[in-house]
Amino acid sequence: MIKILIRQIEFGEKKISRKERAQRLSGEGKELLALGAGRWFGVHWNSEEEKKRELETERNTWGKPSLIRHPEIHFNISHSGCLAACGFSRKPLGLDIQECMAADYFRIADRYYTKADREFLRSADEKEIPELFYRIWVKEESYAKWRGVALPATIGKEDKEGFCQWFVPIPGYQGAVWTVKEEPLEILQVPTAPPGR
């Protein structure tokens, strides 16, 4: 079973920079990691210092994190727009979520996507293009994260092993999780965090 925790962040009326937004979302992703590690894997702590120690990570060459003290917990964090997510499994996984924003879809697809994906995108109805573009993007991103490599090493490659499952976290977003084989997905919305928490 793959479990995914998702939290929608309320940023309030205050204008914040892109960097501040990314930092807040990253922090929320780490909080989701703590929540899932405690809920499903029995990781506990009695102080913030113990929590920090229990959830200490190390990263591989391309930045994929793993828990130093709990290598049996496989997780992956992603965030975009106003969402943070953390996926958990007992086997390696890659998770990606993306807000479906305006982009130069075909220019990007022509540069990065497989021939089959480019043709699929060009054959779609115009109103479906943003959703389909990001559906392909999260597939590519989650695959690289599953493999633990940089996106340029795998994006646009035709032959991919493993299994991809798509989901819609909330309307206007696309998500995908990649694993070695198909497993049931359990997606849980965690209550919204108040601004300035």
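For Glu48, the CD atom sits in a loose shell: 12 or fewer heavy atoms of surrounding residues, nucleotides or ligands are nearer than 6.0 Å. Residue Lys160 qualifies as enclosed at atom NZ: its count of foreign heavy atoms under 6.0 Å is above 12. For Arg111, the CZ atom is loosely surrounded, since the number of other residues' heavy atoms within 6.0 Å does not exceed 12.
Once rounded to the nearest 0.5 Å, the distance linking CG of Leu25 with CD of Gln23 reads 10.5 Å. Rounded to the nearest 0.5 angstrom, Leu32 CG and Arg39 CZ are separated by 10.0 Å. To the nearest 0.5 angstrom, Arg69 atom CZ is 10.5 Å from Glu58 atom CD. Atom SG of Cys82 and atom CZ of Arg24 lie 11.0 Å apart (nearest 0.5 Å). One finds the CD atom of Gln174 at 5.0 Å from the CD atom of Glu131 (value rounded to the nearest 0.5 Å). Atom OG1 in Thr114 sits 4.5 Å away from atom CD in Glu158 (nearest 0.5 Å).
In this structure, Arg18 has no salt bridge (Lys or Arg N to Asp or Glu O under 4.0 Å) partners at least two apart in sequence or on a different chain. The side chain to side chain contact (heavy atoms under 4.5 Å, CB included) test applied to Ala176 returns Val138, Ser142, Cys164, Trp166, not counting sequence neighbours. With sequence neighbours excluded, the residues that form a salt bridge (Lys or Arg N to Asp or Glu O under 4.0 Å) with Arg53 are Glu49. Every residue meeting the side chain to side chain donor-acceptor pair (under 3.5 Å) condition with Arg147, not counting sequence neighbours, appears here in chain and number order: Tyr143, Glu161. Here Lys157 pairs with nothing under the side chain to side chain donor-acceptor pair (under 3.5 Å) rule; sequence neighbours left out. For Trp137, the side chain to side chain donor-acceptor pair (under 3.5 Å) partners are Glu141, not counting sequence neighbours. Under the rule for a side chain to side chain donor-acceptor pair (under 3.5 Å), the partners of Ser78 that lie at least two apart in sequence or sit in another chain are Asp96. Qualifying ring-ring contact (aromatic ring centres under 6.0 Å, His included) partners for Phe133, counting only residues two or more places apart in sequence or in other chains: Tyr105, Tyr113. Residues forming a side chain to side chain contact (heavy atoms under 4.5 Å, CB included) with Ser123 (at least two apart in sequence, or on another chain): none.
Applying the side chain to side chain donor-acceptor pair (under 3.5 Å) test to every pair with at least one member in residues 80-93, sequence neighbours left out, gives no pairs at all.
Within the 4.5 Å cutoff, the side chain of Leu5 has heavy atoms near those of the Phe88 side chain. Using a 4.5 Å cut-off on side-chain heavy atoms (C-beta onward), Phe106 and Arg118 make no contact.
Looking only at distances, no side-chain donor or acceptor of Glu99 sits under 3.5 Å from a matching main-chain atom of His79. One N or O on the side chain of Glu50 and one on the backbone of Asn46 form a donor-acceptor pair closer than 3.5 Å. Judged by distance alone, the side chain of Glu54 and the main-chain N or O of His70 form no donor-acceptor pair under 3.5 Å. Using modelled atom types, one side-chain atom of Trp146 and one backbone atom of Pro92 make a donor-acceptor pair closer than 3.5 Å. Although no hydrogens or angles enter the test, the distance criterion places no donor-acceptor pair under 3.5 Å between the side chain of Asn76 and the main chain of Lys145.
With respect to Arg122 and Asp110, a salt bridge is recorded, a charged nitrogen being found less than 4.0 Å from a carboxylate O. We find that Lys51 and Glu31 are joined by a salt bridge, their nearest charged nitrogen and carboxylate oxygen being less than 4.0 Å apart. With salt bridges taken as basic N to acidic carboxylate O contacts below 4.0 Å, one links Glu186 and Lys3.
Both Met101 and Tyr112 are members of a single hydrophobic cluster when ILVMFWY side chains are connected at heavy-atom separations under 4.5 Å. A chain of hydrophobic side-chain contacts below 4.5 Å, direct or via other Ile, Leu, Val, Met, Phe, Trp or Tyr residues, connects Val190 to Phe75. Residue Ile108 is grouped with residue Phe120 when hydrophobic side chains (ILVMFWY) are merged at heavy-atom distances under 4.5 angstrom, including chains of intermediate members.
When every heavy atom of Leu33 is checked against every heavy atom of Cys86, the shortest pair comes out as CA-SG, 3.8 Å. The two residues Glu140 and Ile155 have their closest heavy-atom pair at OE1-CA, 3.2 Å. Ala103 and Tyr134 make their closest contact through CB-OH, 4.1 Å (heavy atoms, listed as atom of the first residue, atom of the second, distance). Scanning all heavy atoms of the two residues, the minimum distance from Glu28 to Ile9 falls at CG-CD1, 3.5 Å. Nearest heavy-atom pair across Pro191 and Arg7 is O-NE, 3.1 Å. Annotation for Arg59 and Pro65: closest pair NH1-CD, 3.7 Å, computed over non-hydrogen atoms.
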Item checked: side-chain contact (heavy atoms from CB on, under 4.5 Å) between Thr179 and His74, intermediate numbers included -> CA-CA 11 Å; Thr179 52; His74 295 276; over 6 Å; no

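When hydrophobic residues (I, L, V, M, F, W, Y) are linked wherever their side-chain heavy atoms come within less than 4.5 Å, the members clustered with Trp62 are Val149. Residue Ile97 is found in a hydrophobic cluster whose other members, listed by chain and number, are Ile2, Ile4, Ile6, Leu83, Leu93, Leu95, Phe167, Ile170, Tyr173, Val177, Leu185, Ile187; membership requires side-chain heavy atoms under 4.5 Å apart, directly or through intermediates.
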